[in-house]
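Report on the following structure.
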Amino acid sequence: MRHLFLFFVLLSFLRLDAQIVFSEIMYNDPGYGLDSLEFIELYNYSDQPIDLTNYQFTDGITFTFPSYTLESESYVVVCKFASTLKRVFDLSDDNLFAWSDTGSVSLNNDGEILQFSDAQGNVVDEIEYLPTADWHQNQVNGFGYSLQFCDYSLDNNNGSNWSASNQVGDFQYTGNDPFITGVLTTFDVYA
């Protein structure tokens, strides 16, 4: 019995030491239905780098990480259009990946389950976001704010533990959307 208890204590410690969570989501940007700024951010809040090689999204979107290490207390963004996010948010290629070469997959504006698993298929984190008041729909559902999870001691599957982005200042996306040549779109984005 004592060995079983020690095993569970050790397992809990290892799990806490290597935590990656969904930390920010833009599921319905104000981009006229084209979802150009959709993204999912993952955050490593442990004190150790984590090798994400072959970690993958197993629900919501389809994406498997190539050879990549997520540093301690750092984030990585997986998005629909990397070039657009890079331009709007001034992100570097070091922590930005596109989930589709064609941009054909979008996050569901009606809500969905997002699941992230390790290379062995073990679920690392899973949430189900919904376009409801608990999930701040009046700000994030098409109004230019991302959902942000900032207290990693709380359950990130509870919408009241998220908030609309409180990023100081705003970013403005101005440019042609990838699918409509010649149409100029301008809107403020908070993420």
Side-chain angles (χ1 to χ4, degrees), residues 19-45 56-63 75-91 95-100 103-117 123-180 183-191:
Q19 271 304 312
I20 297 175
V21 296
F22 289 103
S23 57
E24 193 168 1
I25 303 165
M26 174 76 81
Y27 69 89
N28 187 13
D29 67 56
Y32 308 106
L34 298 172
D35 305 320
S36 299
L37 297 176
E38 286 192 353
F39 69 85
I40 299 169
E41 179 186 273
L42 297 167
Y43 185 74
N44 173 7
Y45 71 90
Q56 61 187 315
F57 288 87
T58 45
D59 208 344
I61 62 166
T62 302
F63 177 77
Y75 67 89
V76 62
V77 174
V78 182
C79 63
K80 185 171 180 179
F81 294 111
S83 61
T84 303
L85 244 67
K86 187 175 173 180
R87 184 174 68 246
V88 172
F89 298 113
D90 196 26
L91 297 174
N95 61 348
L96 182 63
F97 294 90
W99 65 61
S100 169
S104 60
V105 177
S106 295
L107 295 173
N108 191 328
N109 295 345
D110 295 325
E112 69 183 308
I113 294 172
L114 297 177
Q115 187 178 77
F116 186 64
S117 299
V123 175
V124 174
D125 197 18
E126 177 181 87
I127 64 166
E128 181 178 9
Y129 68 87
L130 298 166
T132 62
D134 285 351
W135 286 88
H136 312 282
Q137 76 171 4
N138 292 333
Q139 291 173 292
V140 302
N141 195 4
F143 297 101
Y145 293 82
S146 66
L147 275 170
Q148 199 169 33
F149 180 70
C150 293
D151 186 345
Y152 305 114
S153 67
L154 299 175
D155 177 9
N156 71 346
N157 209 17
N158 181 338
S160 62
N161 293 334
W162 291 72
S163 64
S165 177
N166 61 1
Q167 177 70 32
V168 176
D170 63 347
F171 300 93
Q172 191 171 68
Y173 166 72
T174 303
N176 293 330
D177 237 295
F179 293 121
I180 303 178
V183 173
L184 194 64
T185 58
T186 303
F187 48 86
D188 293 330
V189 181
Y190 304 84

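Numbers for residues simply follow the sequence, beginning at 1.
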Using the ring of each side chain (for Trp, its six-membered ring), is Trp135 parallel, tilted or perpendicular to Trp162, with breaks at 30° and 60°? tilted
To the nearest 0.5 Å, how far apart are CG in Asn156 and SG in Cys150? 11.5 Å
OG (Ser106) and NZ (Lys80) are apart, to the nearest 0.5 Å, by 2.5 Å
Closest non-hydrogen atom pair, Ser165 against Ala191: OG-CA, 3.4 Å
Using side chain to side chain donor-acceptor pair (under 3.5 Å) as the criterion, list what pairs up with Tyr145, not counting sequence neighbours. none
Test side chain to side chain donor-acceptor pair (under 3.5 Å) applied to Gln115 - qualifying residues, sequence neighbours left out: Thr58, Glu126
Taking only residues two or more places apart in sequence or in another chain, which ones pass ring-ring contact (aromatic ring centres under 6.0 Å, His included) with Phe22? none
What's the shortest heavy-atom distance between Ala82 and Leu96, and which atoms? O-CD2, 3.5 Å
side-chain hydrogen bond (donor to acceptor under 3.5 Å, both in side chains), that's the test. Do Tyr27 and Glu38 meet it? Break it down for me. CA-CA 5 Å; Tyr27 69 89; Glu38 286 192 353; over 6 Å; no
Asn157 side-chain N/O to Glu128 backbone N/O, donor-acceptor pair under 3.5 Å: yes
Any idea which heavy atoms bring Ile25 and Leu114 closest together, and the distance? CD1-CD1, 3.9 Å
Working to the nearest 0.5 Å, report the span between CG of Leu42 and CZ of Phe57. 4.5 Å
Distance check, rounded to the nearest 0.5 Å: Tyr75 atom OH versus Ile40 atom CD1? 15.5 Å
For Gln139 versus Ala164, what's the shortest heavy-atom pair and its separation? OE1-CB, 3.4 Å
In sequence, state the C-alpha distance, the side-chain angles, and the governing distance for Asn158 and Ser160, and then conclude on side-chain hydrogen bond (donor to acceptor under 3.5 Å, both in side chains). CA-CA 6 Å; Asn158 181 338; Ser160 62; 2.7 Å; yes
Verdict with supporting geometry, Val88 and Phe81, side chain to side chain contact (heavy atoms under 4.5 Å, CB included): CA-CA 11 Å; Val88 172; Phe81 294 111; over 6 Å; no
Reported CG-to-CD distance for the pair Asp125 and Gln19, which is rounded to 0.5 angstrom: 7.5 Å
Side-chain donor/acceptor of Asn161 to backbone N/O of Asp155, under 3.5 Å: yes
Working for side chain to side chain contact (heavy atoms under 4.5 Å, CB included), residues Val77 and Leu85: CA-CA 9 Å; Val77 174; Leu85 244 67; 3.7 Å; yes
Return the orientation label for the Phe149 and Tyr152 ring planes: parallel under 30°, perpendicular over 60°, tilted otherwise. perpendicular
Closest heavy-atom pair and its distance - Phe39, Trp99: CA-CZ3, 4.2 Å
Quick one: does any side-chain atom of Asp29 pair with a main-chain N or O of Leu37 as donor and acceptor, under 3.5 Å? yes
For residues Glu41 and Ser23, report the shortest heavy-atom separation together with the two atoms involved. OE2-OG, 2.7 Å
Between CG on residue Asp35 and CG on residue Asn108, distance to nearest 0.5 Å: 10.0 Å
